[in-house]
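Remarks on the structure that follows.
All ligand and atom numbering here is 1-based and tracks the order in the structure. All values below come from the heavy atoms of this structure, side chains included, with hydrogens, waters and symmetry mates left out.
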Amino acid sequence: MTVLLKADHVTKKFGGLTAVNRVDFEIEVGMIAGLIGPNGAGKTTFFNNITGLYTPTDGTIYFDGEPITGLKPHVIQKRGISRTFQNIRLFGQLSALENVLVGEHVRLHGSILEAFFRPKRVMTEEADAKEKALKILDFVGLGRKIAEQAARNLPYGSQRRLEIARALASDPSCSCSTSRRPG
Ligand SMILES: Nc1ncnc2c1ncn2[C@@H]1O[C@H](COP(=O)(O)OP(=O)(O)O)[C@@H](O)[C@H]1O
Ligand SMILES: [Mg+2]
């Protein structure tokens with residue numbers, strides 16, 4: 001059994017308030033896990049510690065065997081952790097497809113200069129990215145028909161699905177052996 005995500009005595013204090021108190025757990029590769037608890041129990045604070053929005057006051061978080069405690073959110077995302085938010089945070093004026101492409105951006109390679117001159121390699125990468133985004137829209141049950149609709153015009157449930165699609169588009173890790181990427 002391989003441990004993908006491990007929390008070791010994770011604590012987060014806001015001044016005198018201890019929001020997360022010495023949490024230990026291990027999530028194995030392929031496992032689907034839920035974290036439940038009443039309002040104010042510290043669930044969101046705990047996720048914010050894992051994804052780098054907060055730095056734990058104490059304790060260590062390991063991902064894929066390496067400590068990620070206190071790393072910046074974009075670095076943690078590159079390591080392979082994606083997330084959605086309790087409050088929907090889509091780019092409302094962008095289309096559903098564009099929102100998913102934003103998620104893929106973290107794995108694309110074109111430079112700013114190439115965005116202007118668009119050599120063939122970049123055009124191919126863009127076409128592949130679009131096809132992949134459409135497949136993800138299918139996967140989350142939204143389908144391709146809504147691809148061009150502005151995110152803000154989608155019903156609430158579809159917006160939640162779109163957030164999951166955007167998170168999946170960054171290729172989060174699901175297995176230690178296949179997930180390791182440079183950066
Ligand atoms: N940024 C913050 N500053 C101060 N207190 C906070 C902050 N974020 C959360 N808290 C407090 O930490 C506790 C846990 O909150 P939270 O993690 O949002 O709980 P949950 O997501 O389980 O409902 C609550 O008492 C909340 O008021
Ligand atoms: Mg919460």
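- Ligand-side atoms of ligand 1 in range of Asn39: 23 (O), range being under 4.0 angstrom from any heavy atom.
- With respect to atom 15 (O) of ligand 1, the closest heavy atom belonging to the protein is Thr45 OG1, 3.8 Å.
- Nearest protein heavy-atom neighbour of atom 11 (C) of ligand 1: Leu17 CD2, 3.9 Å.
- At least one side-chain heavy atom of His9 sits under 4.5 Å from a side-chain heavy atom of Asp24.
- Counting only N and O atoms by type, the side chains of Thr60 and Thr69 include no donor and acceptor under 3.5 Å apart.
- Contact of the Leu35 side chain with the Phe47 side chain is registered, since non-hydrogen atoms from C-beta on lie closer than 4.5 Å.
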message: side chain to side chain donor-acceptor pair (under 3.5 Å) for Gln149 and Ser95? Distances and angles first, verdict last.
response: CA-CA 5 Å; Gln149 282 190 37; Ser95 71; over 6 Å; no

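- Shown here is Lys43, whose NZ atom has more than 12 heavy atoms of other residues, nucleotides or ligands within 6.0 Å.
- Assignment of Pro38 to the shell around ligand 1 is supported, since a heavy atom sits closer than 4.0 Å.
- Using a 4.5 Å heavy-atom threshold, the side chains of Asn21 and Lys12 count as separate.
- Between Asp58 and Val10 the shortest side-chain heavy-atom distance does not fall below 4.5 Å.
- A donor-acceptor contact shorter than 3.5 Å links the side chain of Lys132 to the backbone of Ala169.
- Around the Mg ion (ligand 2), the protein atoms of type N, O or S found under 2.8 Å away are Thr44 OG1, Gln86 OE1, listed by chain and number.
- Scanning all protein heavy atoms for the shortest distance to atom 18 (O) of ligand 1 gives Thr44 CB, 3.9 Å.
- For Tyr54, every heavy-atom contact with ligand 1 shorter than 4.0 Å involves the side chain, none the backbone.
- At a cut-off of 3.5 Å, with distance as the only test, no side-chain donor of Thr11 or Arg22 sits close to an acceptor on the other residue.
- Distances from atom 2 (C) of ligand 1 to the protein include at least one heavy-atom value under 4.0 Å.
- Atom-to-atom distance recorded for Phe139:CZ and Ile164:CD1 is 9.5 Å, nearest 0.5 angstrom.
- The protein heavy-atom contact nearest to atom 12 (O) of ligand 1 is Ala19 CB, 3.3 Å.
- Contact check for Phe25 versus Lys6: no side-chain heavy atoms found under the 4.5 Å cut-off.
- Within the structure, ligand 1 lacks Gly37 among the residues with a heavy atom less than 4.0 angstrom away.
- Counting only heavy atoms, the protein never gets under 4.0 Å from atom 27 (O) of ligand 1.
- The nearest heavy-atom contact from the protein to atom 23 (O) of ligand 1 is Gly40 N, 2.7 Å.
- The protein atom (non-hydrogen) at minimum distance from atom 19 (O) of ligand 1 is Gly42 N, 3.1 Å.
- Of the polar atoms of Phe14, none of the N or O atoms is found under 3.5 Å from an N or O of ligand 1, judged by distance alone.
- For the pair Leu53/Arg83, a side-chain contact is recorded, criterion being any heavy-atom separation below 4.5 Å from C-beta on.
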